[in-house]
Each structure stands twice: as C-alpha cells, then as structure tokens.
Chemist: 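The structure that follows is given in the form of structure tokens.
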Amino acid sequence: MTEHVEQLEFQAETHQLLELMIHSVYSNKDTFLRELISNASDALDKLRLESFRDKDLHVDTADLHIELAVDKDNRILTVMDNGIGMSRAEVVDLIGTLAKSGTAELRKKLNDAKSEAAAEELIGQFGIGFYSTFMVADKVTLTTRKAGETEGTRWASEGQSTYTIETLDDAPQGTTVALHLKPADEDDHLFDYTLEWKLREIVKKYSDFIAWPVRMQVERTVTEGEGEDKTEKTILEEQTLNSMKALWTRPKSEVSDEEYKEFYKHVSHGWDDPLEIIPMKAEGTFEYQALLFIPSHAPFDLFTREHKRGVQLYVKRVFIMDNCEELMPEYLRFIKGVVDAQDLSLNVSREILQQDRQIQMIRKRLVRKVLSTVKDLQGAENQENYLTFWKEFGRVLKEGLLSDVDNRETILQVSSFASTNSDEELTTLAQYVERMKDGQDAIYYMTGETRQQVESSPHMEAFKAKGREVLILIDPVDEMWVGSVPEFDGKQFRSIAKGEVDLETEEEKKESEALREQLDKDFAEVLTWLGKALDESVKEVRLTNRLTTSPACLVGDVFDFTPMLERMYRASGQLVPETKRILELNPTHPLVTGLRDAYDTRKEDADAGRVPELTETAELLYGTAVLAEGGELKDPARFAQILTERLTRTL
C-alpha cells in the first residue's frame, strides 16, 4: 500500500545535467557502481555513529553490509544497504534536486571540455556521483527508510524532466537503488552489468578497501555423490567481494598506486587522481594513523561559504565524523583523507574536539607534514607537480600567512610569486633574495588587480630604470598578508606604492644632493599652492625620484590602507574611513615644470583663486594619477568636462 504519491519536475539545471549523463559525457561508465557503493558505505558509517550517540535509537547494527543483487531476466541491478537511510525531505533535497550552485557553469564547461578526461574531472568537481547511474540505466528507483522512522520513501525517474516520489507504509531500513539497465553496447563502453565477473572486477578495482562487506549471491557448481551416482548441480552462495582492509593501516609498500587513487576518490567524492599521497603513523604518547591527499584540481566551491573542509575522523577504525574541521585549518581546506585516532572516545562531539589536547597535537603534526610535502614538491624533479599545486591552491595557502603564525616562515618558503624578473616563470622568496642588488635591504612588491595594471603603473618607472626586481601581487589575499608579515630572511617587505623611495647609492646621493636642494627650492611655493588647491583629495604634495616618464603618482604612508584594500573592506560591509594619499610629482616632466612656471608668473592671482585654469590643471594632474594606478575618480564627469575643454582649445 502506498500513499502521498507525487510527480515533480526536476530543477532545470538538474535536468540538463541528467541529459549529459544519459548521453554519456565520458566513457568510463563502470564508475557508477563505485559511486553507489561509496554512498552506501557512508550510510553505514553514519548509522553506526548515530547508534553510539543516540541510545534510544533502536536499530540492529550486528550485520551492517552492502549487497548487490542481479535479476538477469529483467536486467535489473540492485545495490542495497541497511544504513542510516533517508527521510522523504532528504530524498527530495539530495536526489530530486541539485542543491549546489554552479550547475549551469558545469554544463557550459562540460560542453567545452576537449576530452573525456577533462569531462570526468569537471564532474568530480561538482560532486554529482548519483546521477552517473543514468549512464547505464533507463530507469532508476530508490527505496529508503530512515533509521528510527516508520514510513519509507520511493523515488523513481527515467532521467527525463520529471520524477515520482511516494510514501511507503512498509520499507526496510536503509537504501535500495534498483537500476533498470540499458542494453549492453561495447562500442559505447556500456558493458553487461548483470555479469558476475564484471561486478567482481568493478568492486575489486574501485571499492576493495570499503570497511563494510560488499556481498552478492553467486552461482556455484558443486559435485555430489561418487562414481555413477556423481551429479553436478548449481547452487547459490553468498560471497563477499571486497577485502575490507583499511588502506591507512597498511604499509605504503603493500598498497598500489591504483588502490590509493580509488581510496582518494572514495573519501573526496571526486573523479580526479590525487596530486600527492601523504601516509602518516604516530606512536608513543598518543597514537594515530593518517592517510592524506593533495588533490590535483581545486573544487569549484573552494572559495564559497558552502565549502566543507576537514578530513574524516575515525577512532579505532570506527567512523566518527566527516569534514572534521578541528583537524585541518581553513587555509588547508582542500586536503582530503582520513585520520584514525586510538585513544579518543567514540562519543566525541565537535565541541569536545575543540578543547581536546590530543586533537590539537594531531592537527599541528598534520599541518607540518602537509607543508613539508609541499616543500618537497618544490624540488627540481617535482617541479611540474609543484606548479600544478600552486596554480590550484596557492591563493588558499597564502591565507595561512594571516592565520597560522607558527608556520608562517614555512608558508613563505613554499610560496611562489609573479615578479618583474620573468613574464612567465614564478619566483620563490629565496630566489628573489638571491638576486637582490648590492645595497638592497628590502623585498619590493606592488599589489593590484592585474599584472598589466601593476606593470604599467607609474610606481614601477624608477624600479625598471634601476633594474630592481618587484613582486607582482594580484590575489586579493595578498592585500591582507603583506601588511601583517614583516619580513623574510631578515629582509623587510616594502610596497613601492607607499612611503618614499630611495634607490640611489651613497655616491649617487652625493652627486645629486645639490640638484635636489635646488629643486626643492624651485618648487617649494607651487607645492604649497597645490596642497591647498587639492586639499580635499590629498594630504601632501611633494617631489619624487620614483618617476621617470609620468608627471605624477599617488602614494600612501607606510601604514595606510591601499585603495584596493579599502574597496575590499567596503565590499564586505565594513566601514573604512577614506584615506587621503600623497601626490608625488616628477620635477623633470614638462607638465610639472610648465605648471610651476605658470604659477610663478601669476602667483598672487593663483593664491587668491583668480586663475581657474591653473586649478583645473591641478585637478587634471591629480585625476591622471588616479587613473594611472587603476583607481576611480570621485567626479568623472567633471574630469571629462575639463579635459574636453582643454582638448578643444588645442584644435
């Protein structure tokens, strides 16, 4: 008997996704079974954990398992588990719709993918394993009952625009997924998934390490009697298809790369291969084993609030928690894997873990091990893997420069940056220091939104002329950490857009001392006038030696916020007082010398505000400095009007 039957429409983007699956976006269709077994394993883990936590939950956990069943006549493959199960609402949320953002982006990328491998990687990034069943099945039926509830739910779909969902009065605890298989088509890499040998092959390849038994009834021929009375008959025998050996408990020498790769896909719910495998074992005061992975691709939601971080926590091989945040800091949120502690209680909660000294010590060791692994990747033979790592996760890792003071030096050592030394190759800080000019005592950098913006900035002119290397920092996090990290290897970080620039040698200073004094004298009065004329916009006007071709630039004091940092804070809703900056002038530029001469000619009228064209020139000078650094004008209409009028007079 059933009740409350509904036919619902798929979310539009989910329907598009199903179309992609049905039309086989990639060839390795065997992986559908890996996804179903992995989901079943998670459900069994969660049931055992819930039975520890809730003593009033009356469930039988004596024989938790996964079962495969085949109906060859009707071509139905069924995957069953007696795990936690799902409520009706959870089925609609998790199966009927695709609750994650970015599905439209996934569809576009899948259509643009140049190869099946690229498509696989994208599917993994968006975590949609259940939908892979529609690659091999014309219809999928899911029957489930959540532990502790009396009613079950049946969900069914043929992968079209709708699905049905109904409430069942009677359903076994756990989840059963029945696949009505498509006809085999070897040309399309679609095999006959009713064959015992094929199912054995898939389980052995992808799910051998699952901690729960994966069972199947298999036909076996036995001989009875002897001599003339000897007969053969076929019987059904239940067999366990997987070894159930936890990979993290086995020595690395006994585990193949293929086994590690499949285990990584299991714990990460990804489809890519790991970039690096990190096995760990600690003995002594407190014991634990860990198996961590650095992915080869960043997930699409790495920078969203919805992204879940942390590794799986086990205690004596009993699953305790998914995404255990206490074991991995925010800046290493891309790390996947398992930690199996020996001395924790099975009843630990997140609140208890936050205070647990053993967890804190394990976390410290895991972080050090991950960072040392990244450092090893920097070696010449691993350079390609390191570059892949930095491309995918460098932005995230640099967040640790703000949050992890204990490991800040190591993070600086394993970080790479763009610089003016090369248009393509990145540099480490150690390499930068090694190339520093004689007498240089600081690591110069400039932040900005793009490399082109930074390289074309007027602030770069003197550094290019003097051959001084400058780090080009264009990630948003760079704006944050450079203000908090004082130095590397005894060399201070110094922004070329802040403070005064001193690139001259002692000998050059002596030679130019008389000239500087004369320039200061010649420009003293016009600088004072400019300071008053631009009082609302700048806090000081002064001469500079950092410019060679531009007339002016804007700089901040050493501890001022940069304009980009101010914009970031305001975008996040924080109130930040506007910082006035310093206008620096190039005393050799014709526009600047011309302005000085014009002021000297009509000094009294200019001071009295009776020479509007001079004031307008000052505004244009300031405006061009703002635009040259990629900034935004407060009153672009006025700037355009003044500029238009000036251009008109020249014609």
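The structure presented is a predicted model; accordingly, all values stated were derived computationally and were not measured.
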Chemist: Answer yes or no: is there a donor N or O on one side and an acceptor on the other, between the side chain of Thr31 and the main chain of Arg34, under 3.5 Å?
Modeler: no
Chemist: Taking 4.0 angstrom as the limit, do Glu254 and Lys245 come out as a salt bridge?
Modeler: no
Chemist: Could you check whether any side-chain N or O of Arg494 sits under 3.5 Å from a backbone N or O of Ala442, counting only pairs where one atom can act as donor and the other as acceptor?
Modeler: no
Chemist: Only one of Asp322, Asp42, Val338 clears side chain to side chain contact (heavy atoms under 4.5 Å, CB included) with Val267; which?
Modeler: Val338
Chemist: Check whether any side-chain N or O of Asp489 sits under 3.5 Å from a backbone N or O of Lys491 as a donor-acceptor pair, and report yes or no.
Modeler: no
Chemist: State whether a side-chain donor-acceptor pair under 3.5 Å links Tyr331 with Asp404.
Modeler: yes
Chemist: Could you work out, with ring pair (Phe, Tyr, Trp, His ring centres under 6.0 Å) as the rule, every residue matching Phe393, not counting sequence neighbours?
Modeler: Phe334, Phe389
Chemist: Do Asn242 and Trp212 have side-chain N/O donor and acceptor atoms under 3.5 Å apart?
Modeler: no
Chemist: Compare every heavy atom of Glu262 with every heavy atom of Phe209, then report the nearest pair and how far apart it is.
Modeler: CZ-O, 3.4 Å
Chemist: Using 0.5 Å steps for rounding, measure from the OH atom of Tyr264 to the CG atom of Leu292.
Modeler: 12.5 Å
Chemist: Report yes if the side chains of Leu366 and Leu327 come closer than 4.5 Å at any heavy-atom pair, otherwise no.
Modeler: yes
Chemist: Would you say the side-chain atoms of Arg333 pair up with the backbone N or O of Glu330, donor to acceptor, closer than 3.5 Å?
Modeler: yes
Chemist: For Val477 and Lys398, work out which heavy atoms get closest and say how close.
Modeler: CG1-CB, 3.9 Å
Chemist: With sequence neighbours left out, what residues match Lys281 under side chain to side chain contact (heavy atoms under 4.5 Å, CB included)?
Modeler: Glu283, Gln289
Chemist: Between Tyr432 and Glu469 (side chain of the first, backbone of the second, donor and acceptor by atom type, cut-off under 3.5 Å), is there such a pair?
Modeler: yes
Chemist: Keeping the roles fixed (side chain from Gln492, backbone from Ile443), state whether a donor-acceptor pair exists under 3.5 Å.
Modeler: no
Chemist: Quick one: does Thr373's side chain have a donor or acceptor within less than 3.5 Å of a partner on Lys369's backbone?
Modeler: yes
Chemist: Treating His269 as the side-chain partner and Glu35 as the backbone partner, does any N or O pair qualify as donor plus acceptor under 3.5 Å?
Modeler: no
Chemist: Taking 4.0 angstrom as the limit, do Arg395 and Asp478 come out as a salt bridge?
Modeler: no
Chemist: Is there a side-chain contact between Val555 and Arg546 (heavy atoms, below 4.5 Å)?
Modeler: yes
Chemist: Heavy-atom distance under 4.5 Å between the side chains of Ile362 and Arg365, does that happen here?
Modeler: no
Chemist: Between Lys464 and Glu455, which heavy-atom pair has the shortest distance, and what is it?
Modeler: NZ-O, 2.7 Å
Chemist: Please tell me if the side chains of Thr447 and Ser495 come closer than 4.5 Å, counting only heavy atoms from C-beta onward.
Modeler: no
Chemist: Who are the ring pair (Phe, Tyr, Trp, His ring centres under 6.0 Å) partners of Tyr445, not counting sequence neighbours?
Modeler: none
Chemist: Mind telling me whether Phe493 and Trp481 have parallel, tilted or perpendicular rings, with 30° and 60° as the class edges?
Modeler: perpendicular
Chemist: For Pro213 versus Met244, what's the shortest heavy-atom pair and its separation?
Modeler: N-SD, 3.2 Å
Chemist: Testing the basics here: between Asp273 and Ser296, what is the closest heavy-atom pair and its distance to 0.1 Å?
Modeler: O-OG, 2.6 Å
Chemist: Do you know which two heavy atoms are closest between Gln453 and Gly630, and how far apart they sit?
Modeler: NE2-CA, 3.7 Å
Chemist: Could you check if a side-chain atom of Tyr314 sits within less than 4.5 angstrom of a side-chain atom of Asp45, using non-hydrogen atoms only?
Modeler: yes
